[in-house]
2 protein chains.
Amino acid sequence: MLDSETKAVETPEDHAEELRLWLRLLTCTTLIEGEVRGRLRQRFDVTLPRFDLMAQLDKAPDGMTLSDVSKRMMVSNGNVTGLVERLVESGHLDRRTSETDRRVQVIRLTKLGRAEFRRMAAEHETWIADLFADLSPKDVRELMRLLAKTKASAQKSAARRRP
Amino acid sequence: MLDSETKAVETPEDHAEELRLWLRLLTCTTLIEGEVRGRLRQRFDVTLPRFDLMAQLDKAPDGMTLSDVSKRMMVSNGNVTGLVERLVESGHLDRRTSETDRRVQVIRLTKLGRAEFRRMAAEHETWIADLFADLSPKDVRELMRLLAKTKASAQKSAARRRP
DNA sequence: CCGAATTGTTTTAAGCCTAAAATGTTTTCC
DNA sequence: GGAAAACATTTTAGGCTTAAAACAATTCGG
């Protein structure tokens, strides 16, 4: 007891396991993300960020503000500005200034945007299912639980640094 | 039995759980990655891709070829070219053409590069530990196991598409 | 009411990233 | 030996991404 405490204080802590876990988490995400990116490009000639943005809007029939999107997608504001610009240009998004607050831009999927997204999303879902095919329902539940815990832990840590 | 089979064939399969799992995985990675990126920038004024590349090289005292790096980091060849260019420029990397195969470029950390990386890596490890702090050792083991299974599943799925 | 802080968005500058084509080198195999 | 295939890297063109600064509109507190 005294020994282990002494040791913990005197020697630098060993966090190799957590480091390995992080690298494995990153590998999984990169692998799946790359696969999805490639399939979206080949099948639908669309980029992953565009798809992701449309996915957010599909869940919000009344539209979202740019900051909403930025927070949900966890990307910078400026990033959203450019992404939206291109999607409005291609006719997938409708963008208007809020009537009540002239700072705010509200964006929505157009009819075309929604139709195209739904078509892509249906296929996208089967890709994801296939990528996770070797996980049992129990594995999936367990991963969900552990990742929820991970997310909470990371958010807490981030909040500690930037309160 | 017949019922469930009939149902499976006639109605589109439901993969909502896998989709949620994928989104949660992505959220965790994005969250942690963003946190690490910010800390690297603030503490050491270095970008995450530069750090990642140096991490690969630190594990390979005899150097690596650009393709090795590209495969390990799971990024495109052209990406590595640019990244290496900047790191050679800043004196962190040494780059030379292989004596036995003039197609190949071998890169290594310079003395400066290694020293700076070690300094950053030590602190980096504590950040990761902190981000995963609320996970018990058992959680970590279990996550490692499930992510290994996930990685294998995704690789298999990717190989099915692109054999 | 009015100046100060806050909020929402855009701009800027730099770097990251990809896919595909191009270039140069080595290996394969007839 | 020499053409063809394979390999390693670079180039190209375009898009994504960030952090920080700038701009615009609203809200807050005295």
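Chain letters run A, B, ... following the sequence lines, proteins first, then strands; residues in each count from 1. All values reported here derive from a predicted model rather than from experimental measurement.
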B:Arg145: partners by salt bridge (charged side-chain N to carboxylate O under 4.0 Å, His left out), with sequence neighbours left out: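 With neighbours one apart ignored, the set is B:Glu142.
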Within the 3.5 Å criterion, strictly below it, is a donor on [X] or [Y] matched to an acceptor on the partner's side chain?
{"X": "B:Ser157", "Y": "A:Asp130", "value": "yes"}
{"X": "B:Asp139", "Y": "B:Ser136", "value": "yes"}
{"X": "B:Ser70", "Y": "B:Asn77", "value": "yes"}

Got a list of protein N/O to nucleotides 2-5 of chain D N/O distances below 3.5 Å?
none

Could you tell me the separation between the CG atom of B:Asp101 and the P atom of D:dT9, rounded to a whole number of Å? 8 Å
Nearest whole angstrom, please: distance from the C1' of D:dG14 to the CZ of A:Arg50.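 My rounded result for the distance is 10 Å.
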How about A:Lys149: does its NZ atom have over 12 heavy atoms from other parts shown lying under 6.0 Å from it? yes
Covered region of DNA chain C, 5' end to 3' end, by chain B [heavy atoms, under 4.0 Å]: C:dG15 to C:dT26
Residues of residues 64-91 of chain B with any non-hydrogen atom less than 4.0 angstrom from an atom of DNA chain D: list those, numerically ordered, please.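 Of all residues in residues 64-91 of chain B, the ones placing a heavy atom under 4.0 Å from DNA chain D are B:Thr65, B:Leu66, B:Ser67, B:Asn77, B:Gly78, B:Thr81.
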Which residues in residues 41-49 of chain A have a heavy atom closer than 4.0 Å to any atom of DNA chain D? A:Thr47, A:Pro49
Are B:Leu131 and A:Ser153 packed together at the side-chain level, in the sense that at least one heavy-atom pair is separated by less than 4.5 angstrom? no
What heavy-atom pair brings A:Val36 and A:Trp127 nearest, and what distance separates the two atoms? O-CZ3, 4.3 Å
Which atom names give the shortest non-hydrogen contact between A:Leu112 and A:Ser90, and what distance separates them?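 Minimum heavy-atom contact is CD2-O, 4.1 Å.
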Determine whether a donor-acceptor pair (N or O, by modelled atom type, separation under 3.5 Å) exists between the side chain of B:Arg108 and the backbone of B:Asp62. yes
Flag, side chain of B:Thr110 to backbone of B:Gly91, donor-acceptor distance under 3.5 Å: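 Indeed, once roles are kept as given, a pair shorter than 3.5 Å links the two residues.
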Does B:Met144 share a hydrophobic cluster with A:Leu31, counting links as ILVMFWY side-chain heavy atoms below 4.5 Å and allowing steps through other members?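 No, separate clusters.
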Pairing of B:Glu123 and B:Arg119 as salt bridge, 4.0 angstrom limit: no
Taking ring-ring contact (aromatic ring centres under 6.0 Å, His included) as the cut-off, I'd like each qualifying pair that reaches into residues 44-66 of chain B, sequence neighbours left out, listed once.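 Sorted pair list: B:Phe51-B:Phe117, B:Phe51-B:His124.
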